[in-house]
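Please read these numbers as outputs of a predicted model, since none were measured by experiment. Order of appearance sets the numbers: ligands from 1, and atoms from 1 within every ligand.
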Amino acid sequence: MQIEKKDIRAVSKEQLRDFFVAHGDKAFRGNQVYEWLWSKGAHSFEDMTNLSKTTRLMLETNFVINHIKVDTMQRSEDGTVKNAVRLHDGLVVESVLIPTLTRTTACVSSQVGCSLDCNFCATARLKRMRNLEPAEIYDQVIAIDKESRLYHNHPLSNIVFMGMGEPLMNYNNVLKAIEMITSPEGLGMSPKRIMVSTSGVPKMIKKLADDDVKFKLAVSLHSAIDEIRARIMPFSANFPLADLRESLEYWYRKTKSKISYEYVVWEGINDDQASIDALVKFCKYVPCKVNLIEYNPIDDGEFQQASQAAIEAYIKALESNGIVVKVRRSRGKDIDAACGQLANKEA
Ligand code: SAH
């Protein structure tokens, strides 16, 4: 019987040190291997040139390095790049590089498919196939960092967890990935440049606050009226806005970090005065800003982008109440790389 080898990047540094001691070597060898795996991004044991051949062979017999592979890379006319990323078991997720004049942002996936059921989002149709491992999230970032250096001559500046999946439904792995992204032993990126976006899972938002995380939080709100929210995001019927509000107040008390609300305005759904008033009211509970996202049609016609007049009514109401609001234009629409469009069409 073939024993399945363990993915070495699911092993902690301490465990690696112990492994070497148990095999009659020095604990320090574990540090060397750890460095190869994370900060040097080695794809094979062969690459670990400062280890003896015997050591490399011993690692080979005990472990594998499960690496992602960028299957296809599409470039949009606006400079956005979308990677279709093949995982070791053949499944595919997508990640996106979004360049602007001053920064390049990686938009990464946290699950294959998604656990949630937002009616306006293409990823929701895939259902959740599995959670991504920390290394699979980390590798997406490394791949985009390389592309950023290649095409834009500078390293990646920001990361948003706004690709496929609900990050807070893969809590431990997302946090482990961020730990490596921010650790000097990994990418050494500041947590302030990382934003995790959630559709709003109150219990997990509180857990983030308790775990004293240093990254930013975005909430995909889309409506501040329970009935409407539950219609377009059915899972949210279990998480009423009162609970969401309470968790966000808790988050702010502990972290003092402003929330970003993601909000799409749709014709006939939330383009009325009652929706605007509800959002303005909701925004007063916790310091925040609002990102009005352009709708990216996912071709069934049920949802339509609201009129410019409706968007302007939102902006006017928010601004006159002292709430910062930005309109986010879609990027990479021509290659299905925009918000809500990630659905492995090419896979
Ligand atoms: N599950 C997390 C992470 C995904 S982020 C979350 O919901 O926050 C993806 C963002 O794009 C979310 O704000 C989501 O609500 C938004 N979105 C989904 N489908 C969209 C679409 N068709 N057009 C524009 N935005 C969309």
Side-chain angles (χ1 to χ4, degrees), residues 80 82 93-96 98 105-128 131-132 137 140 158-171 173-174 177-178 194-202 204-205 208 215-224 228-236 239 244 247-248 251 259-267 269-270 279 288-306 311 326-343 345:
T80 302
K82 182 171 81 169
V93 290
E94 294 176 335
S95 20
V96 184
I98 309 152
T105 301
C107 174
V108 298
S109 294
S110 56
Q111 298 180 313
V112 189
C114 189
S115 344
L116 304 176
D117 52 7
C118 305
N119 292 334
F120 46 82
C121 179
T123 310
R125 306 209 170 140
L126 299 173
K127 305 295 171 212
R128 188 196 77 104
N131 284 336
L132 291 185
I137 298 171
Q140 292 177 64
N158 295 73
I159 303 174
V160 293
F161 280 76
M162 293 192 183
M164 295 166 135
E166 168 51 47
L168 299 194
M169 299 287 209
N170 183 16
Y171 189 94
N173 291 355
V174 165
I178 294 179
I194 300 176
M195 180 175 270
V196 170
S197 179
T198 175
S199 54
V201 189
M204 301 318 275
I205 291 173
L208 282 178
F215 49 78
K216 301 212 163 108
L217 183 65
V219 174
S220 303
L221 192 60
H222 302 309
S223 174
I228 298 180
R229 202 161 185 264
R231 205 166 77 224
I232 57 177
M233 304 164 82
F235 73 90
S236 75
F239 305 119
L244 181 60
S247 70
L248 294 173
W251 158 274
I259 315 276
S260 297
Y261 293 125
E262 311 294 307
Y263 201 101
V264 179
V265 189
W266 290 284
E267 196 179 294
I269 291 177
N270 57 359
L279 177 63
C288 64
K289 66 178 213 185
V290 174
N291 289 319
L292 293 178
I293 318 178
E294 196 182 331
Y295 178 55
N296 303 304
I298 55 162
D299 62 47
D300 63 1
E302 187 194 342
F303 291 89
Q304 306 283 343
Q305 168 80 43
I311 310 274
K326 295 234 161 67
V327 177
R328 299 263 176 230
R329 297 261 162 266
S330 271
R331 302 289 306 270
K333 249 189 193 174
D334 53 331
I335 54 167
D336 282 330
C339 292
Q341 291 188 315
L342 301 184
K345 270 201 197 163

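- Under the 4.0 angstrom criterion for non-hydrogen atoms, M164 is not in contact with ligand 1.
- Ligand 1 has an N or O atom lying under 3.5 Å from an N or O atom of N296, backbone or side chain.
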>> Determine whether E166 and S199 satisfy the following criterion, side chain to side chain donor-acceptor pair (under 3.5 Å), listing intermediate values before the conclusion.
In response: CA-CA 7 Å; E166 168 51 47; S199 54; 3.0 Å; yes
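- With a heavy-atom cut-off of 4.0 Å, V219 does not touch ligand 1 at all.
- The main-chain N or O of E94 is never found under 3.5 Å from a side-chain atom of K82 such that the two would form a donor-acceptor pair.
- Counting atoms of ligand 1 from 1 in the listed order, those under 4.0 Å from a heavy atom of C121 are 18 (C), 19 (N).
- For atom 19 (N) of ligand 1, the closest heavy atom belonging to the protein is G340 CA, 3.1 Å.
- Distances below 4.0 Å separate heavy atoms of G163 from the following atoms of ligand 1: 4 (C).
- An N or O contact shorter than 3.5 Å links E166 to ligand 1 by distance.
- Every atom of ligand 1 is numbered from 1 in the order shown, and the set under 4.0 Å from a heavy atom of Y295 is 21 (C), 22 (N), 23 (N).
- Among H222, M162, Q305, the residue whose heavy atom sits closest to atom 14 (C) of ligand 1 is H222.
- Among P167, S110, S220, the residue whose heavy atom sits closest to atom 7 (O) of ligand 1 is S220.
- Across I137 and S110, no two heavy atoms sit closer than the pair CD1-CA, 4.4 Å.
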> Which is it for Y261 and N291 under the side chain to side chain contact (heavy atoms under 4.5 Å, CB included) test, yes or no, and what are the steps along the way?
Replying inline: CA-CA 6 Å; Y261 293 125; N291 289 319; over 6 Å; no
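- Of the N or O atoms in F120, one or more lie within a sub-3.5 Å distance of an N or O in ligand 1.
- Residue-ligand proximity, E262 to ligand 1, at heavy-atom distances under 4.0 Å covers atoms 13 (O).
- Within the 4.0 Å heavy-atom criterion, neither part of Q341 lies near ligand 1.
- Taking all atoms of both residues into account, the shortest heavy-atom contact from S220 to R229 is O-NH2, 2.9 Å.
- Taking the side chain to side chain donor-acceptor pair (under 3.5 Å) definition, one finds that S330 meets it with N296, sequence neighbours left out.
- Ring geometry for F120 against H222 counts as perpendicular: the plane angle is over 60°, on a 0 to 90° scale with 30° as the lower cut.
- Scanning all heavy atoms of the two residues, the minimum distance from G200 to V219 falls at CA-CG1, 4.4 Å.
- Between C107 and I98 the shortest heavy-atom distance is CB-CD1, 4.0 Å.
- Residue-ligand proximity: E294 is placed with a non-hydrogen atom under 4.0 Å from ligand 1.
- At least one heavy atom of G165 sits closer than 4.0 Å to an atom of ligand 1.
- The side chain to side chain donor-acceptor pair (under 3.5 Å) test applied to E294 returns K333, not counting sequence neighbours.
- The C339 neighbourhood of ligand 1 comprises atoms 11 (O), 20 (C), 21 (C), 22 (N), 23 (N), 24 (C), 25 (N), 26 (C), with distances under 4.0 Å to a heavy atom of that residue.
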